[in-house]
Student: 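Handing you this structure, nothing more for now.
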Number of protein chains: 2
Amino acid sequence: MEDSNNPTEVVRDPSTLAAELANEHVADIAEILNEQPTEVASEVLSHLPLDRAVEVLDQPELEESADLIASLPDDRALALLSGMSADRVAEVFRDLEEPRRSVLLDRLDDETRLSVLRLLSYPPDTAGSIMTTEFVSVPSTWSVGRTLDYIRRVERTRETVYAIYVLDPRTKRLIQTASLRRLISGEPNASILSVAYPRRPVTVTPLTDREDVARIISKYNLLAVPVVDRDHVIGIVTVDDVIDAIVQESTEDVQKFGGMEALTEPYMQISFIEMIRKRAGWLCILFLSEMLTASAMQFFEGELEKALVLTLFIPLIMSSGGNSGSQATSLLIRALALREVRLRDWWRVALRELPMGITLGTILGLIGAVRITLWQKLGFYDYGEHWMLIALTVGTALVGIVTFGSLAGSMLPFILQRIGFDPASASAPFVATLVDVTGLIIYFTVALAILSGTLL
Amino acid sequence: MEDSNNPTEVVRDPSTLAAELANEHVADIAEILNEQPTEVASEVLSHLPLDRAVEVLDQPELEESADLIASLPDDRALALLSGMSADRVAEVFRDLEEPRRSVLLDRLDDETRLSVLRLLSYPPDTAGSIMTTEFVSVPSTWSVGRTLDYIRRVERTRETVYAIYVLDPRTKRLIQTASLRRLISGEPNASILSVAYPRRPVTVTPLTDREDVARIISKYNLLAVPVVDRDHVIGIVTVDDVIDAIVQESTEDVQKFGGMEALTEPYMQISFIEMIRKRAGWLCILFLSEMLTASAMQFFEGELEKALVLTLFIPLIMSSGGNSGSQATSLLIRALALREVRLRDWWRVALRELPMGITLGTILGLIGAVRITLWQKLGFYDYGEHWMLIALTVGTALVGIVTFGSLAGSMLPFILQRIGFDPASASAPFVATLVDVTGLIIYFTVALAILSGTLL
């Protein structure tokens with residue numbers, strides 16, 4: 001496994017590879033195929049037994065399954081698609097290109113085609129788009145024994161039964177949920193309702209955001225949650241789908257927080273052009289906004305000429321504002337994502353960040369003032385006769401800037417969420433840029449107040 | 001639920017609250033208790049029926065369970081602890097204070113005490129520390145029918161059977177794994193091995209990092225993974241434990257990336273002093289390192305005096321280096337966390353980031369030079385007779401700084417991982433600080449090369 005990432009070793013003869021892989025775990029086969037060129041992977045897939053190839057294609061970890069399906073002859077492709085789970089088939093059709101897409105879609109059996117079209121109709125990142133349409137449901141009139149029998153016979157291809165959904169026999173509405181565990185302990189002749197979980201089932205709608213689905217599954221310790229549309233179960237989202245969703249969300253959050261568009265592919269696979277596109281956009285926006293610092297500096301040029309010593313501390317002071325802002329933003333992005341705080345709590349947060357910023361700013365301000373005093377006294381540098389006033393200026397400016405940074409950094413995620421953006425777009429560079437311009441203005445204003453009449 | 005976060009509404013009479021809560025989902029009860037003062041929550045817990053109280057305490061979402069147990073009389077506390085799952089009991093003992101801890105531990109039954117002591121012996125964030133010691137195992141000599149019967153009778157308190165572990169009857173070593181799903185489809189008289197999964201079971205050791213456990217569970221789509229010590233199953237980590245672990249890890253990663261120590265409690269619950277401690281440390285380290293910028297500026301003071309116009313672009317140039325570095329770092333932190341790249345791939349990454357940085361730097365450099373030209377030509381600002389050389393200096397410096405930022409930002413996570421730190425400690429502010437000092441030096445060096453003889 002340690003070496004499986006090394007592309008120089010892994011391009012191999014397809015039929016030998018297929019024979020070698022036959023006994024591997026499907027998740028491992030998917031991982032190995034990911035590292036092969038599409039032609040090799042597609043050859044391997046044709047050499048595997050049909051049911052094994054279906055299992056491999058059912059792995060959410062398998063990348064480019066659409067390309068693989070597209071590379072196979074129609075009959076083999078259809079045989080594979082008919083065996084795969086509906087959510088994976090939908091993923092394939094999401095990426096397939098015309099005219100192949102229509103050809104294959106038309107030749108699917110009616111039931112599969114309907115499921116796939118329905119899955120494709122939901123927006124990405126919703127429960128509807130990640131759910132599977134295969135689940136076990138029985139009418140509430142059935143007995144425990146009949147249900148067990150049904151699972152044994154009809155549902156035998158299903159590897160995992162996450163839950164059994166008990167429906168009203170007339171309206172088909174979801175009434176209750178039973179676990180396999182309780183089912184096998186039940187009296188065979190008793191009603192299925194005797195082993196169902198007595199409370200109202202926890203459900204989501206097809207438009208529920210996948211992050212919320214993850215939160216619900218995690219909170220109620222479920223193996224799957226039913227997706228319900230007008231009281232009818234139309235699919236389930238399982239705990240493993242949710243793990244993939246959580247991992248993907250946190251990757252996107254970290255990338256956005258780093259100040260770029262989230263990638264859709266792994267770092268090593270994305271093309272150079274695509275990567276430039278994802279990074280240059282934000283970098284240019286930040287650069288253009290940061291140009292305001294040059295304008296601010298021009299505005300204070302007179303002061304700069306009189307007291308060049310002030311320029312020495314500009315990078316130090318600006319970065320402190322950015323750093324405290326970045327801390328506050330990272331805290332609030334996560335707190336909002338985990339619903340630890342809500343939009344309406346913004347003033348509570350502001351009331352915490354204000355004294356927090358003042359305290360942190362005072363700590364840094366003192367260190368800054370001590371540094372100037374030490375350098376002056378130890379003779380490392382001569383800040384001139386007004387060195388104490390300069391130390392006071394730097395210290396006071398730091399209190400103001402760190403306080404402003406903490407407040408701005410903590411409020412930005414709220415503002416973004418309020419106007420309908422992802423709070424994670426409040427990236428560290430975004431906050432730093434916001435704070436930089438204001439930081440300069442604070443610094444020069446403090447300097448004018450303290451030094452006017454002496455240096456200025 | 002929308003209002004459940006509002007602390008002004010939720011302090012309530014314990015016995016009424018207990019009666020109201022009796023029919024709620026345990027996860028909801030835990031959430032409501034989290035919002036009550038400990039005394040109220042503890043009262044509610046004594047008013048709930050014992051089995052219900054045990055279910056509530058078994059929720060990993062319930063905070064301060066140790067305080068709750070500590071507030072109850074010994075007998076009630078012991079009754080609750082004996083009902084709870086071993087991993088939750090261990091969590092309580094991890095937080096309980098002496099002398100109560102020893103008193104309760106001594107009075108536990110031997111089997112529970114042993115499990116708890118064993119769980120407590122594993123370092124935090126390992127499989128051993130998050131596993132549960134309750135699982136179903138049967139000798140390989142048993143039949144399908146006998147196993148089913150055993151689960152029905154002996155294991156009837158278990159709500160979910162994640163898997164059945166089949167052991168060698170003599171050595172007790174783990175041979176194979178069977179699912180409940182396959183068990184019920186099996187022939188009652190056939191051997192349990194007839195329904196077991198034919199491949200070698202996927203296992204982890206008690207010291208496996210919880211992030212790796214999460215990756216394995218997600219990759220192989222497991223509901224639980226057995227924790228194996230010298231071929232013996234000592235516990236299982238279930239998929240719901242892993243979700244909690246993943247969510248917690250990503251929170252920690254975002255907070256570290258924001259430039260602070262990871263919090264151990266939700267944002268609104270952590271005390272002011274603790275929050276200062278978590279934030280001030282890094283902020284001071286960054287501040288002290290950033291002081292090097294002041295030293296660098298002092299070093300180039302002569303140049304600054306001669307060409308004050310150079311100072312105008314210092315914030316702009318420095319921030320561009322920090323921003324490109326922050327992008328690269330966020331990319332590599334996630335790529336390393338998801339094992340998309342390994343330590344030994346560092347040179348592959350460097351070879352990607354070098355042209356990437358040059359391209360991004362050229363884009364920003366061009367924008368910067370155009371900005372100076374425009375301002376000069378449109379009469380917004382007069383950069384003097386050598387404005388073209390200044391534009392060239394700014395543009396060239398940007399190429400160098402953005403390239404350095406991308407390279408430094410992408411290599412820092414590798415270096416941290418190599419010397420044994422969490423790559424996520426490569427925070428955006430850390431990278432920005434690293435790039436700031438170097439950025440100044442690059443800027444002034446480029447200025448000396450281009451402007452010497454004219455401005456300098």
Side-chain angles (χ1 to χ4, degrees), chain A residues 5 25 27 152 156 160-161 180-181 184-185 199 218-221 239-240 243 246 250-251 254-255 258-260 266-268 276 279-280 283 286-287 290-291 293-294 297-298 311-313 315-316 318-320 323 326-327 330-331 334-335 340-342 359-360 363-364 367 371 381 428-429 436, chain B residues 5 25 27 152 156 160-161 180-181 184-185 199 218-221 239-240 243 246 250-251 254-255 258-260 266-268 276 279-280 283 286-287 290-291 293-294 297-298 311-313 315-316 318-320 323 326-327 330-331 334-335 340-342 359-360 363-364 367 371 381 428-429 436:
Chain A
N5 264 5
H25 194 291
R152 274 198 200 103
R156 66 175 319 136
T160 313
V161 172
L180 204 52
R181 167 73 193 83
I184 64 164
S185 310
R199 268 168 274 275
S218 154
K219 174 175 170 189
Y220 295 102
N221 296 321
V239 71
D240 28 301
I243 291 189
I246 296 179
S250 25
T251 303
V254 169
Q255 289 171 349
M260 54 181 296
Y267 176 82
M268 290 305 267
I276 291 280
R279 284 161 77 164
L283 219 49
L286 292 168
F287 186 74
E290 191 76 29
M291 280 185 177
T293 58
M297 299 273 283
Q298 283 166 19
T311 59
L312 302 183
F313 303 103
L316 181 62
M318 277 180 24
S319 68
S320 303
N323 293 347
S326 156
Q327 289 190 336
S330 73
L331 280 173
R334 280 312 284 183
E340 289 171 8
V341 298
R342 310 252 166 184
T359 314
L360 293 171
I363 296 174
L364 295 193
I367 300 179
R371 151 72 158 76
Y381 191 84
D436 279 355
Chain B
N5 264 5
H25 194 291
R152 274 197 200 103
R156 67 175 318 136
T160 313
V161 172
L180 204 52
R181 167 74 195 80
I184 64 165
S185 310
R199 268 167 274 276
S218 153
K219 175 174 169 189
Y220 294 102
N221 296 322
V239 72
D240 28 302
I243 291 190
I246 296 179
S250 23
T251 303
V254 169
Q255 289 170 351
M260 55 179 297
Y267 177 80
M268 290 305 269
I276 290 280
R279 284 161 78 164
L283 219 49
L286 293 167
F287 186 74
E290 191 76 29
M291 279 185 177
T293 58
M297 300 273 284
Q298 285 167 19
T311 58
L312 303 182
F313 302 103
L316 180 63
M318 277 181 23
S319 68
S320 303
N323 293 347
S326 156
Q327 290 189 337
S330 73
L331 280 173
R334 279 312 284 181
E340 288 171 9
V341 298
R342 311 251 166 183
T359 313
L360 292 171
I363 297 174
L364 295 194
I367 301 178
R371 151 73 157 74
Y381 190 83
D436 279 355

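The chains referred to below are lettered A, B, ... by the order of the sequence lines, with proteins before strands, and numbering in each begins at 1.
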Student: Supply the atom-to-atom distance L180(B) CG to I184(A) CD1, rounded to the nearest 0.5 angstrom.
Tutor: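 The distance works out to 4.5 Å.
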Student: If you count heavy-atom pairs under 4.5 Å with chain B, which of A335(A), S218(A), A428(A) comes out on top?
Tutor: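 Counting heavy-atom pairs under 4.5 Å, the top option is S218(A).
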Student: Is Y267(B) in contact with chain A via its backbone, its side chain, both, or neither, using a 4.5 Å heavy-atom distance?
Tutor: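 For Y267(B), heavy atoms of backbone and side chain both lie under 4.5 Å from chain A.
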Student: Under the rule for ring-ring contact (aromatic ring centres under 6.0 Å, His included), what residues qualify as partners of F287(A), not counting sequence neighbours?
Tutor: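 By the ring-ring contact (aromatic ring centres under 6.0 Å, His included) rule, F287(A) matches no residue at all.
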Student: Answer with side chain, backbone, both or neither: which region of I243(A) has an atom nearer than 4.5 Å to a non-hydrogen atom of chain B?
Tutor: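 Looking at I243(A), just its side chain touches chain B.
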Student: Applying side-chain contact (heavy atoms from CB on, under 4.5 Å), can you list everything that pairs with T293(A), at least two apart in sequence or on another chain?
Tutor: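 Result, side-chain contact (heavy atoms from CB on, under 4.5 Å) vs T293(A): E290(A), D436(A), V437(A), L440(A), P315(B), L316(B).
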Student: Give, as side chain, backbone, both or neither, the part of M268(A) having an atom under 4.5 angstrom from any heavy atom of chain B.
Tutor: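 Both backbone and side chain.
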Student: Pick from L364(A), V239(A), I367(A), L286(A): which one has the most heavy-atom pairs with chain B under 4.5 Å?
Tutor: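 The residue among L364(A), V239(A), I367(A), L286(A) with the greatest pair count is L364(A).
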Student: Any chance you could measure T251(B), atom OG1, to L331(A), atom CG, to the nearest 0.5 Å?
Tutor: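 The OG1 atom of T251(B) sits 10.5 Å away from the CG atom of L331(A).
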Student: Below 4.5 Å from any heavy atom of chain A, which atoms of I276(B) appear? Answer side chain, backbone, both or neither.
Tutor: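 Both backbone and side chain.
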Student: With a 4.5 angstrom heavy-atom cut-off, which part of R199(A) approaches chain B: side chain, backbone, both or neither?
Tutor: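 Just its side chain gets close to chain B.
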Student: If you count heavy-atom pairs within less than 4.5 Å of chain B, which of Q255(A), H25(A), R371(A) leads?
Tutor: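 Winner by heavy-atom pair count: H25(A).
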Student: Please identify, among T359(A), L360(A), D240(A), the residue contributing the most non-hydrogen atom pairs under 4.5 Å to chain B.
Tutor: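 Result: the option with the highest number of such pairs is L360(A).
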